[in-house]
Amino acid sequence: MLDIKLLRNDPQLLERALLKSKGKFDKDGFMSLDVKRRELIFKAETMKSDQNAATKLIPQYKKEGKDTSSLMEEMRSLSNEIKELDQQIRQIDEQIAELVLTIPNIPNEAVPLGDSDTDNQEVRKWGTPAKFDFEPKAHWDIGEALDILDFSKAAKVTGARFTFYKNAGARLERALMNFMLDLHTTKHGYVEVFPPFMVHRNSMVGTGQLPKFEEDAFKVANTEYFLIPTAEVPVTNMYREQILDVKELPIYHTAYSACFRAEAGSAGRDTRGLIRQHQFNKVELVKFTTPETSYVELEKLTNDAEEVLQLLGLPYRVVKLCIGDLGFSSALTYDLEVWMPSYNRYVEISSCSNFESFQARRADIKFRRGPNEKTEFVHTLNGSGVALGRTTACILETYQKADGSVEVPEVLRKYMGGLEVIKA
RNA sequence: GGAGAGAUGGUCGAGUUGGUUUAAGGCACCGGUCUUGAAAACCGGCGUAGUCGUGAGGCUACCGUGAGUUCGAAUCUCACUCUCUCCGCCA
């Protein structure tokens, strides 16, 4: 959510935000609603002021034995008028709120122009994609051959886009989770959180998944609960409607969670393997910072996620998303893309964003610099640190051998009871 | 699932026969006096948001949420949410 006053005074900002939403927004209608609202408020408040004055006179008159019936009659009609005005104001407020909630965040000046991922800017590359002296297999074939992934059983039990991990596969996924959490908590200074995997609708609004993208989420029937699409939602909303002390900032949290996504609109894409699932595991990084430090913190957060890939020996690149590819709530996003041999290209494995005050304003997360200072909105950031399923896929493909076995990356061995090679 | 209690400003807590309460008071916090410094004491300040105004400042709303009664609601009525206690069931 953006600041209405800011939009009122600087419509140019609105234009920039709308570059993302492809201009479907009725800007003039929005501006005139804002004017209308303030007119009505002024009228109503003047009337309320009169009403309050009369309300004080009535007991005084009664005490003096004066007749109050005509004044009371007058106030009765004034009261009705006020109720009517309040009703109108409430309607306009709702309309404005609805509109404002659908305006995306304003992209940072550094965000490149462009419509799609082809316009993203490569920032840096690490490692070189593996070369094989045999015909490498895709991870879904490797997984089934080694009996560590089972897609057809999951399809029977649940449906498409679900997976059973088995044997060393299940253990690998669990090892990755522990490896990442340990790295972030011990080396990078994040405080670990294990969040609820369902949240109330209010939390989904707070971080920007709702009201605009309800079809992307799984809603639990007969409740107002949603399965979380990322741990970002519960962890960011931990501090909803709170005023933090500046001394508490920056706050760093890392959290494992399962993530649930309806993947509406991606039917037919990435139908094989672990790349696009309705349920996947992820270790998330979340930060709350002061406005002046948020971009430095974004660089650090991105580096923290990169280190996971470096330690696992997985080649990747970092790209800066262009306006067209930028998420609804984000002001600037770096994607980490890992080299996926079966796709023969880089595939997104982490998305690190600075939301500036956009989420904080929606979720009402503030801080105070000192005892007599005004409150300000914090900046929120988050990034995957990183997605486990895609990492597993990438490890299987990158570390596969000609005989069909898969080497376990060095750093994971202590999490797998010393296992060095996954064999059939 | 059953029974009961509760929700007031950063915190504690008064106010519930509807009208000088414009939400008392304590604590915490901030500024000042005093002091070599600090503490104590004393004096003053101290919520959030909207709106009008160039400004000083004014006005309006907010006592869990929403609706209602009334000239007027923290206070009365109804619904809902959450928290706590006890019972039952349960990993």
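Computed from a prediction, not measured in an experiment: that's the story for all the values here. Naming convention: chains lettered A, B, ... in sequence-line order (proteins, then strands); numbering from 1 in each chain.
- A salt bridge links A/Glu15 with A/Lys27: at least one charged nitrogen is closer than 4.0 Å to a carboxylate oxygen.
- A side chain to side chain contact (heavy atoms under 4.5 Å, CB included) with A/Val386 holds for exactly one of A/Asp304, A/Val308, A/Leu314, A/Leu312; it is A/Val308.
- In terms of polar N and O atoms assigned as donor or acceptor, the side chain of A/Gln60 never comes within less than 3.5 Å of the base of B/rG19 in a complementary pairing.
- Using the six-membered ring where Trp is involved, A/His188 and A/Tyr190 have ring planes that are perpendicular, over 60° apart on the 30 and 60° scheme.
- With a cut-off of 3.5 Å on both pairing distances, B/rU17 has no Watson-Crick or G-U wobble partner at all.
- Heavy atoms of A/Met72 sit under 4.0 angstrom from at least one base atom.
- B/rG9 and B/rG66 are spaced 15 Å apart, taking the P atom of each and rounding to whole Å.
- Between the CE atom of A/Met47 and the P atom of B/rG72 there is a distance of 12 Å, given to the nearest Å.
- Residues A/Ile243 and A/Asn52 both approach RNA chain B. Their nearest nucleotides, taken by heavy-atom distance, put A/Ile243 toward the 5′ side.
- Searching all strands for a Watson-Crick or G-U wobble partner of B/rC27 with both distances below 3.5 Å returns B/rG10.
- Summarising the base pairing, B/rU65 is matched to B/rA79 through a Watson-Crick or G-U wobble pair whose two defining distances lie under 3.5 Å.
- For A/Lys48 and A/Glu45, the salt-bridge test fails: no basic side-chain N is under 4.0 Å from an acidic carboxylate O.
- With P as the reference atom, B/rA7 and B/rC76 are 12 Å apart, rounded to whole Å.
- If you check every strand for non-hydrogen atoms under 4.0 Å, A/Thr375 touches sugar and phosphate atoms only.
- Nucleotide B/rC34 forms no Watson-Crick or G-U wobble pair with any nucleotide shown, as no partner meets the under 3.5 Å limit on both distances.
- Taking the P atoms as reference points, B/rC63 lies 15 Å from B/rG68, given to the whole Å.
- Of the listed residues (A/Ser351, A/Ser384, A/Ser353), just one forms a side-chain hydrogen bond (donor to acceptor under 3.5 Å, both in side chains) with A/Asp335, and that residue is A/Ser351.
- Both A/Arg8 and A/Arg90 lie near RNA chain B, and the one whose nearest nucleotide falls closer to the 5' end is A/Arg8.
- Judged by Watson-Crick or G-U wobble contacts below 3.5 Å, the nucleotide B/rC86 has B/rG2 as its partner.
- Whole-Å rounding puts the A/Arg201 CZ to B/rC82 C1' distance at 19 Å.
- Taking the C1' atoms as reference points, B/rC46 lies 10 Å from B/rG31, given to the whole Å.
- Among the heavy atoms of the strands lying under 4.0 Å from A/Lys5 are primed sugar atoms or P, OP1, OP2 only; no base atom is included.
- Of all nucleotides present, only B/rA49 satisfies the Watson-Crick or G-U wobble test against B/rU60, with each distance under 3.5 Å.
- Both distances falling under 3.5 Å, in either a Watson-Crick or a G-U wobble arrangement, occur for no nucleotide opposite B/rU22.
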